[in-house]
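Have a look at the structure below before the remarks.
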Amino acid sequence: MAFEYEKYLRMDKIPHLWCPGCGIGVVLKAMLRSVENMGWDKNDIAFVSGIGCTSRAPGYIDCNTLHTTHGRALSFATGIKLAQPAKHVVVFSGDGDATAIGGNHFIHACRRNIDITLVVVNNNTYGMTGGQHSPTTPIGYKASTTIYGNIDPTFDICLLAKAAGASYVARATVNKGKMLEKYITKGFEHKGFSVIVATANCHTQFGRKNKMSDPISARKWIESREIPIDKARNMKALELNDKIITGEFISEEPEQTYWENYNHPIHEYTEAYQRIREKAQAQDKH
Amino acid sequence: MKKSVRFYSGAELVGKAAIDAGCRFFGGYPITPSSEIAEYMSVEMPKVNGTYIQMEDEIGAMGSIIGASLTGAKVLTATSGPGFSLKQENIGYAYMAEVPCVICNVMRGGPSTGLPTALAQADIMQAKWGTHGDHPVIALTPAYLEEIYELTIKAFNFAEIYRMPIMLLLDEVIAHLSAAIELPKKEMLVIKDRRKPTVPPEKYFPYDTAYGDVPPMANFFEGYRYHVTGLSHDKTGFPTTDPDLVQADQERHLRKVKANINNIIDYEYYQMKDAEVIVFAYGSTARAARVAVDNARKLGIKVGMMRFRVIWPLPETEILKLCSKAKAIIIPEMNMGQLSDVIERYAADRTKILRINHVGGVPIHPTDICNVIKEAI
Ligand SMILES: Cc1ncc(C[n+]2csc(CCOP(=O)(O)OP(=O)(O)O)c2C)c(N)n1
């Protein structure tokens with residue numbers, strides 16, 4: 001039976017503002033299927049976003065939705081989750097939103113290991129503002145601000161999340177919707193901060209400047225660069241410049257060495273804070 | 001019954017009053033001279049099942065309180081000059097999305113890092129115009145410890161009544177002052193809560209003007225499933241670029257304060273009956289001004305003081321009246337004339353304005369004010 005997306009969408013807000021063939025739609029679908037997999041009540045979910053094409057997604061979802069300021073979604077989401085720890089808080093972010101202007105909130109949300117799921121749609125560019133280069137535009141590629149070729153090194157958002165303390169980290173591309181759905185569902189199930197990076201095509205901005213201005217060629221570019229994480233482990237850094245490493249980045253075994261598992265989280269933040277409340281109240285009685 | 005007399009600092013009184021007003025979420029970032037408020041909240045919030053969080057910066061602190069407020073919590077953040085600057089974009093968001101919150105700014109000298117540990121009243125204008133765009137503003141300026149308690153509660157009530165951010169502006173010396181204080185009894189306090197929708201979710205619009213200029217606000221997770229954005233929006237909460245709707249919405253925002261100005265303005269007259277010369281003052285400067293007025297009275301000078309407990313909005317009608325009858329208006333401020341510039345517009349050529357502006361971090365002495373009073377006659 002076909003999946004009923006209508007159940008989760010604000011149909012009166014469709015058509016959406018994304019370009020035909022945009023990768024964000026695939027991510028949104030994977031997200032809604034994951035909500036269904038979890039059996040969550042729509043009233044119990046808050047979808048939070050910053051600013052950008054990606055960040056328009058919550059507006060289409062029939063839940064509690066919050067479209068905040070550029071880069072700051074995780075801070076708003078942190079307030080919501082701490083005030084209502086039993087509810088589900090999901091953040092939707094672009095690569096610029098999450099790791100440029102919002103980079104500080106990103107690493108600290110990872111560090112706190114607060115039970116929020118962050119889905120980053122990485123289209124390697126600033127889509128909404130006209131295709132300027134972002135922290136994930138590969139070296140040598142063109143953007144409206146790097147017509148001579150980008151020289152700014154990139155972040156690997158997954159490795160960044162892992163180093164900063166996130167406790168579930170995975171990446172899939174929009175060419176593999178099922179894989180995305182699996183990872184987002186695992187992120188939802190996971191107790192702690194989870195980061196799922198969805199590599200997506202922005203043929204309109206990134207693609208147009210790099211000889212792949214239609215959805216098919218932009219997705220082919222993604223396909224040609226995808227490297228599963230097990231294969232990537234044995235590859236040289238230089239070989240991985242503009243590659244897309246997919247798979248799960250976190251091993252859940254705390255007994256690994258510090259170097260293999262730096263910043264392994266010790267607790268989930270809202271649970272830890274609940275223990276602080278109990279401690280404070282017990283001391284107050286004396 | 002045992003009286004609740006205890007030693008409190010100004011910073012502790014902000015926290016105590018916040019909790020008594022129902023505040024259950026504090027998001028902050030340390031900065032002198034406001035950090036004592038965060039420290040107090042870190043101790044007290046968990047005791048009342050509330051939350052204290054130290055965010056990664058003031059931008060995040062402001063975001064966190066807006067998020068918590070949307071779930072129904074009363075929320076506070078505290079900061080000082082540079083942190084207040086960082087918060088501005090999200091403060092604008094809270095105005096636009098109409099999210100109740102209280103921002104306490106223990107002022108310090110600026111611009112930039114300025115004078116971190118010294119007295120200043122540097123952010124009177126930043127409190128009014130700090131974020132981009134037009135918006136209403138309510139800012140309170142307590143001068144005494146008891147008043148910090150009283151006005152902090154008032155700030156929370158205003159936030160709930162008008163669905164907007166409220167500024168609580170403290171002078172460093174008042175935040176750091178400690179004294180034995182008798183607080184009002186809990187049952188004497190008037191505590192306001194935001195109006196919640198009475199209609200079922202399918203009939204709810206988050207910005208429905210059918211209920212007046214302050215629409216009822218639903219909490220997240222209570223079945224209403226609405227959308228909140230900082231983009232200009234219509235009554236449903238979704239973005240609009242319709243010029244008429246955007247215009248009407250901005251006008252409604254301003255009306256929330258303008259139409260209720262008599263419930264918001266708050267000032268005190270001192271020795272005003274026969275006063276020919278008038279001192280306009282707020283915060284700690286008003287305490288020096290009061291001594292100056294007493295001293296000048298001893299010399300036979302007819303001088304009085306108007307002290308603003310709420311600095312924005314100003315009591316325009318009263319100020320205009322005083323401008324028409326006063327020989328001179330003296331305005332001592334720990335900035336380069338942020339209030340004076342505004343009062344000068346009211347005064348036009350009806351009276352002369354004499355300014356006293358100290359920005360070196362040292363309090364304005366009563367003698368400084370008394371000397372100008374003598375000059376004025
Ligand atoms: C404080 C601030 N700076 C800049 C902008 C302008 N701006 C809007 S969206 C955006 C970048 C969007 O790129 P990304 O986050 O990668 O999301 P995408 O549109 O590609 O999904 C920028 C710079 C803004 N809205 N606010």
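Throughout, protein chains are lettered first and strands after them, A, B, ... in sequence-line order, and every chain is numbered starting at 1. Treat the numbers as computed from the prediction; the structure is a model and nothing was measured.
- Proximity to chain B at a heavy-atom threshold of 4.5 Å picks out A:His108, A:Arg112 from residues 107-118 of chain A, in numerical order.
- Taking both residues in full, the closest heavy atoms of A:His105 and B:Ile59 are given as NE2-CG2, 4.2 Å, listed atom of the first, atom of the second, then distance.
- Between chain A and the residues B:Val48, B:Asn90, B:Leu70, B:Ile66, the largest count of heavy-atom pairs under 4.5 Å involves B:Asn90.
- In terms of heavy-atom pairs under 4.5 Å with chain A, the best-connected choice from B:Lys47, B:Met45, B:Arg24 is B:Lys47.
- In this structure, OH in A:Tyr273 is found 9.0 Å from CD1 in B:Ile53, a value given to the nearest 0.5 Å.
- Side-chain atoms of B:Arg225 come within 3.5 Å of backbone atoms of A:Asp62 as a donor-acceptor pair (strictly under, hydrogens ignored).
- The OG1 atom of A:Thr65 lies 5.5 Å from the CZ atom of B:Phe238; values are rounded to the nearest 0.5 Å.
- Residue A:Ile51: no heavy atom, backbone or side chain, is found under 4.5 Å from chain B.
- Atom-to-atom distance recorded for A:Leu66:CG and B:Thr229:OG1 is 8.5 Å, nearest 0.5 angstrom.
- When all heavy atoms are compared, the tightest approach of A:Pro58 to B:His227 is C-CE1, 4.5 Å.
- Side-chain atoms of B:Tyr226 never come within 3.5 Å of backbone atoms of A:Cys63 as a donor-acceptor pair (strictly under, hydrogens ignored).
- Note that OG of A:Ser75 and CD of B:Glu56 are 7.0 Å apart. Values are rounded to the nearest 0.5 Å.
- Contacts of A:Arg275 with chain B are absent, with no heavy-atom separation under 4.5 Å from either backbone or side chain.
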B:Val228/A:His67 under side-chain contact (heavy atoms from CB on, under 4.5 Å): CA gap, chis, key distance, verdict: CA-CA 6 Å; B:Val228 181; A:His67 177 231; over 6 Å; no
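- Note that CD1 of A:Ile80 and OG of B:Ser69 are 10.5 Å apart. Values are rounded to the nearest 0.5 Å.
- The number of heavy-atom neighbours closer than 6.0 Å to NZ of A:Lys279, taken from other residues, nucleotides and ligands shown, is 12 or below.
- Smallest separation of non-hydrogen atoms from B:Tyr93 and A:Thr69: CD1-CG2, 3.9 Å.
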Trace of the side-chain contact (heavy atoms from CB on, under 4.5 Å) decision for A:Gln84 with B:Phe220: CA-CA 9 Å; A:Gln84 291 291 333; B:Phe220 268 20; over 6 Å; no
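- Neither the backbone nor the side chain of B:Ile65 comes within contact range of chain A; no heavy atoms are under 4.5 Å apart.
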CA sep, side-chain torsions, deciding dist, call: B:Thr71, A:Lys81, side-chain contact (heavy atoms from CB on, under 4.5 Å): CA-CA 9 Å; B:Thr71 71; A:Lys81 184 68 187 180; over 6 Å; no
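- The backbone N or O of B:Phe221 lies less than 3.5 Å from a partner atom in the side chain of A:Asn64, making a donor-acceptor pair.
- Residue B:Asn49 forms a side chain to side chain donor-acceptor pair (under 3.5 Å) with just one option from A:Gln274, A:Arg277, A:Gln281, and that option is A:Gln281.
- The distance from the OG1 atom of B:Thr236 to the CZ atom of A:Arg10 is 9.0 Å, given to the nearest 0.5 Å.
- Environment of NZ in A:Lys13: crowded, with over 12 heavy atoms of neighbouring residues, nucleotides or ligands closer than 6.0 Å.
- For A:Phe47, no part sits under 4.5 Å from any heavy atom of chain B, backbone or side chain.
- Interface residue A:Lys42: backbone and side-chain heavy atoms are both found under 4.5 Å from chain B.
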